[in-house]
Amino acid sequence: MVLRFAPSPTGPLHIGGVRTALYNYLLARQKNGKLILRIEDTDQTRYVPGAEEYIIEALTWCGIEFDEGPHIGGPNAPYRQSERKSLYAQYAHLLVERGWAYYAFDTEEELELMRKRFEAAGIISPQYNAITRPYMKNSLTLPPDEVQARIRAEPYVIRFLMPRNKEVRFYDEIRGWVAFHTKELDDKVLLKSDGMPTYHLANVVDDHLMGVTHVIRGEEWLPSTPLHVLLYEAFEWEKPKFAHLPLLLRPDGGGKLSKRDADQLGFPVFPLTWKDPETGEVSVGFRERGFLPEGLVNYIALLGWHPAEEKEVFTLEELTHSFSLERVSRAGARFDYEKARWINQQHLRRMPTSSLLPQVRAAWETQNLPPIPEEKLSQLIDLAKERAALLPEIVEFARSFHERPFMPLEAALESRLSPEVIQHIPSLIESLIHIENWKAEELENVLKNWAKAKNISLSKALPTLRILLTGQHSGPSLYKLMEILGLEEIKIRWQAFASVYGVSRSV
RNA sequence: GCCCCGUUCGUCUAGCCCGGUCAGGACACCUCUCUUUCAAGGAGGAAACAGGGGUUCAAAUCCCCUACGGGGUACCA
């Protein structure tokens, strides 16, 4: 089983592309097959610098690894179609020889003229086909000697000679039998005037040459599949199996998720942040938003595929075992950011703190936050990961805890303070000093005894204590937080509070 | 316009191929519960077979039509 992912380096890979790559990857791993990355850069006018590197980095981040590709080489090198350019012409000419294709010399203006003329005659969208072909300048209408002269003297394209009236049927692994009629299809250009192949020629030639057995791609390719099927026939090659994945739709369902939606939607559509080299525009990626690759991959796997069991949280490894094309659905799926967050949260909770540590540490440093001991950061991650959906929430929690509360407090926090509780804090500090076993459990005992002794309810005391110690009105267990804070820091924070709020006795 | 693909809770979907369970799960939402708080957790709730015709004792499931949505219709992929 040989599969491939064949993106075009015209910009950042969006999330739909990641899913296509993912499904190819899952199948390749599951069946012990081979996965090839092929760069389809046959349109030189749409080339975007950095796009290829982006694609590779993004897929690598997701954990999608290839067996062959431009970044790692392989027996089928080169893997960029621009570097395979010389290859395609001979195949195009072979088709001409076999009568499946022909030369065409029409200029862009002439094509435009033809369209206008036929439109005026009442044809809705004129194509280069059996009807219009006889009126155009090509090797089927021009005398042979003129054709030869033109081939030598001017640019030309090679077009596929679409059979007049034939039904093309093929089996789609997801949709079942699909049929098209050739009378609806046109004479697609196979080889462009710059010598580059179009996608249609290049993907068929390369898939054949690289031994690809399964073509898994987006649904937008379904309408051109009959052409590809005919090409395999014309070449007398065995065709691969086809599977066309449902599209990833915008949350409103109004079309496929596209690059343009990135900014308006309020959530990323790219795996990594992308800066447009032309406009300088920046689109935030899932990685930068704080998604774990495991979370993102898990979520997008679920868009259009459903596991046989009732389970939703999967590692990449588990996905390779559970995935199957039979359970891919046919209808387009809308991207639900809330659920994506939830899935990510599940992964965050399962992730050992030790593997979260480097990532949090990295974010900590890029934000130039005050130094923090490894041990303490680790303890904070432990507490925070249970309640965070995205990585930055952990960083933010650790930061807000590590930094001393800003005094005076904001009015909203101030209003939650209980003066009665504050009166008794000095005596609490006194008790804390005598604790031998500085652990959350012991702190809980001491606090409870203190509250009892002072005849104040815990539900009144704890919020006030939390605010003056952490500057937050909610968060993880206060006992645990106090354990991490330590006696000295608690004293310091209490003093800072007391000096601003004028509590007479301080410790 | 034409061609192709699609249509089950707000969303992702199970069930459809091989007609017959209160149409199941998850996210989000609501209620209760636990908790010092916010989350998380636990319990419960509301919520869908696009419409119309057939076929059948029986249809979400098979057939046809309609509507709606999407994709394609380039010397773009």
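Lettering follows sequence order; numbering is per chain, from 1.
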J.: In whole angstrom, what separates A/Arg175's CZ from B/rU7's P?
T.: 9 Å
J.: Give me the distance, rounded to whole Å, that separates B/rC22 from B/rA47 when you measure between the C1' atoms they each carry.
T.: 15 Å
J.: So does A/Glu112 pair up with A/Arg115, basic N to acidic O under 4.0 Å?
T.: yes
J.: Is B/rC29 paired to anything, Watson-Crick or G-U wobble with both distances less than 3.5 Å, and if yes, which nucleotide?
T.: B/rG45
J.: Return the pairing partner of B/rA60 with a 3.5 Å limit on both distances, Watson-Crick or G-U wobble; otherwise return none.
T.: none
J.: Describe the nucleic acid contact of A/Thr464 in one word from base, sugar-phosphate, nothing, applying a heavy-atom distance below 4.0 Å.
T.: nothing
J.: Whole-Å distance between B/rA39 P and A/Asn344 CG?
T.: 19 Å
J.: Round to a whole Å and report the spacing from CG of A/Leu245 to P of B/rU13.
T.: 12 Å
J.: Please confirm whether the backbone N or O of A/Leu319 pairs with a side-chain atom of A/Ser322, one donor and one acceptor, at under 3.5 Å?
T.: no
J.: Base, sugar-phosphate, or nothing: which does A/Gly304 touch, judged by heavy atoms less than 4.0 Å apart?
T.: sugar-phosphate
J.: For the pair made of CG in A/Leu458 and P in B/rU36, what is the distance, rounded to whole Å?
T.: 6 Å
J.: Do A/Leu325 and A/Trp305 come close enough that some side-chain heavy atom pair is under 4.5 Å?
T.: no
J.: Heavy-atom count check: over 12 atoms from other residues, nucleotides or ligands less than 6.0 Å from A/Lys85 NZ?
T.: yes
J.: Less than 6.0 Å separating the ring centroids of A/Phe323 and A/Tyr23?
T.: yes
J.: Could you tell me how far B/rC34 sits from B/rG42 if I compare only their P atoms? Round to whole Å.
T.: 16 Å
J.: Applying side-chain hydrogen bond (donor to acceptor under 3.5 Å, both in side chains) as the test, list every pair that has at least one member in residues 474-485 of chain A; sequence neighbours left out.
T.: none
J.: I want to check something: taking the side chain as every heavy atom from C-beta on, are A/Asn138 and A/Arg133 in contact at a cut-off of under 4.5 Å?
T.: yes
J.: Starting at CG of A/Leu383 and ending at P of B/rU35, how long is that distance when rounded to a whole Å?
T.: 20 Å
J.: Quick one: A/Lys480 NZ to B/rA40 C1', roughly how many Å, whole number?
T.: 12 Å
J.: Would you mind pulling out the nucleotide paired to B/rG6, Watson-Crick or G-U wobble, both distances under 3.5 Å?
T.: B/rC68
J.: With P as the reference atom in both, quote the distance from B/rG15 to B/rU7 in angstrom, rounded to an integer.
T.: 13 Å
J.: Reckon A/Arg341 touches a base, only the sugar-phosphate, or nothing at all at heavy-atom distances under 4.0 Å?
T.: nothing
J.: State the pairing partner of B/rU73; accept Watson-Crick or G-U wobble contacts with both distances under 3.5 Å, and report none otherwise.
T.: B/rG1
J.: Check A/Arg175 with A/Glu219, please: is the shortest side-chain N to carboxylate O separation under 4.0 Å?
T.: yes
J.: Looking at A/Tyr337, A/Phe291, A/Phe335, which one forms a ring-ring contact (aromatic ring centres under 6.0 Å, His included) with A/Tyr299?
T.: A/Phe335
J.: Classify A/Ala179 by what it touches in the nucleic acid, base, sugar-phosphate, or nothing, heavy-atom distance under 4.0 Å.
T.: sugar-phosphate
J.: Taking the nucleotide of RNA chain B with the nearest heavy atom to each, does A/Tyr299 or A/Val178 sit closer to the 5' end?
T.: A/Val178
J.: Between A/Asp336 and A/Arg334, does at least one N-O distance fall below 4.0 Å, as a salt bridge requires?
T.: no
J.: Could you measure between the two C1' atoms, the one in B/rG10 and the one in B/rA50, and give it in whole Å?
T.: 16 Å
J.: Using the P atom in both, what is the distance from B/rG52 to B/rC9, to the nearest Å?
T.: 16 Å
J.: Contact class for A/Arg330 (heavy atom, under 4.0 Å): base, sugar-phosphate, or nothing?
T.: sugar-phosphate
J.: If each of A/His181 and A/Gln346 is mapped to the nucleotide of RNA chain B with the nearest heavy atom, which maps nearer the 5' terminus, i.e. the 5' end?
T.: A/His181
J.: With the criterion being N/O to N/O and under 3.5 Å, what pairs connect the protein with nucleotides 26-30 of chain B, and how long is each?
T.:
| residue | atom | partner | partner atom | Å |
| --- | --- | --- | --- | --- |
| B/rA26 | O4' | A/Glu312 | OE1 | 3.2 |
| B/rA26 | O2' | A/Glu312 | OE1 | 2.2 |
| B/rA26 | O2' | A/Lys339 | NZ | 3.1 |
| B/rA26 | N3 | A/Lys339 | NZ | 3.2 |

J.: Determine the interatomic distance between P on B/rA58 and the same-named atom on B/rG53; round to the nearest Å.
T.: 15 Å
J.: B/rU35 C1' sits how many Å from A/His473 NE2, rounded?
T.: 16 Å
J.: Any side-chain hydrogen bond (donor to acceptor under 3.5 Å, both in side chains) involving residues 338-348 of chain A? Give me the pairs, sequence neighbours left out, ordered by first then second residue.
T.: A/Asn298-A/His347, A/Glu312-A/Lys339
J.: Walk me through it: do A/Tyr199 and A/Trp221 pass the test ring-ring contact (aromatic ring centres under 6.0 Å, His included)?
T.: CA-CA 11 Å; A/Tyr199 170 83; A/Trp221 293 109; 3.9 Å; yes
J.: Of all residues at least two apart in sequence or in a different chain, which pass the side-chain hydrogen bond (donor to acceptor under 3.5 Å, both in side chains) check with A/Ser415?
T.: none
J.: Remember a base hit wins even if backbone is also touched, and classify A/Arg416 as base, sugar-phosphate or nothing at under 4.0 Å, heavy atoms.
T.: nothing
J.: Separation of A/Glu393 atom CD from B/rA40 atom P, in whole Å?
T.: 11 Å
J.: How far, in whole Å, is B/rC2 from B/rU66 if one measures between their P atoms?
T.: 11 Å
J.: Using the C1' atom on both, measure B/rA77 against B/rG72 and round to a whole Å.
T.: 13 Å
J.: Think A/Arg250 has a side-chain N or O under 4.0 angstrom from the OP1 or OP2 of B/rU11?
T.: no
J.: Scan every strand shown for a Watson-Crick or G-U wobble partner of B/rG19, both distances under 3.5 Å, and answer none if you come up empty.
T.: none
J.: Verify salt bridge (Lys or Arg N to Asp or Glu O under 4.0 Å) between A/Arg38 and A/Glu40, making sure each step is shown before the conclusion.
T.: CA-CA 6 Å; A/Arg38 189 173 67 222; A/Glu40 311 236 330; 2.9 Å; yes
J.: Nearest to the side chain of A/Leu303 - B/rC12, B/rA40, B/rG25?
T.: B/rC12
J.: At under 4.0 Å between heavy atoms, how does the protein contact nucleotides 68-77 of chain B? Give one character per nucleotide, 5' to 3', with B, S or -.
T.: -SSSSS-BBB
J.: Counting only N and O atoms by type, is there a donor-acceptor contact under 3.5 Å from the side chain of A/Ser418 to the main-chain atoms of A/Lys460?
T.: no
J.: Select one nucleotide: of B/rG6, B/rC5, B/rU37, the one nearest the side-chain heavy atoms of A/Ser474.
T.: B/rU37
J.: Indicate for each nucleotide in nucleotides 42-49 of chain B, in 5' to 3' sequence, whether protein heavy atoms under 4.0 Å reach the base (B), only the sugar-phosphate (S), or nothing (-).
T.: --------
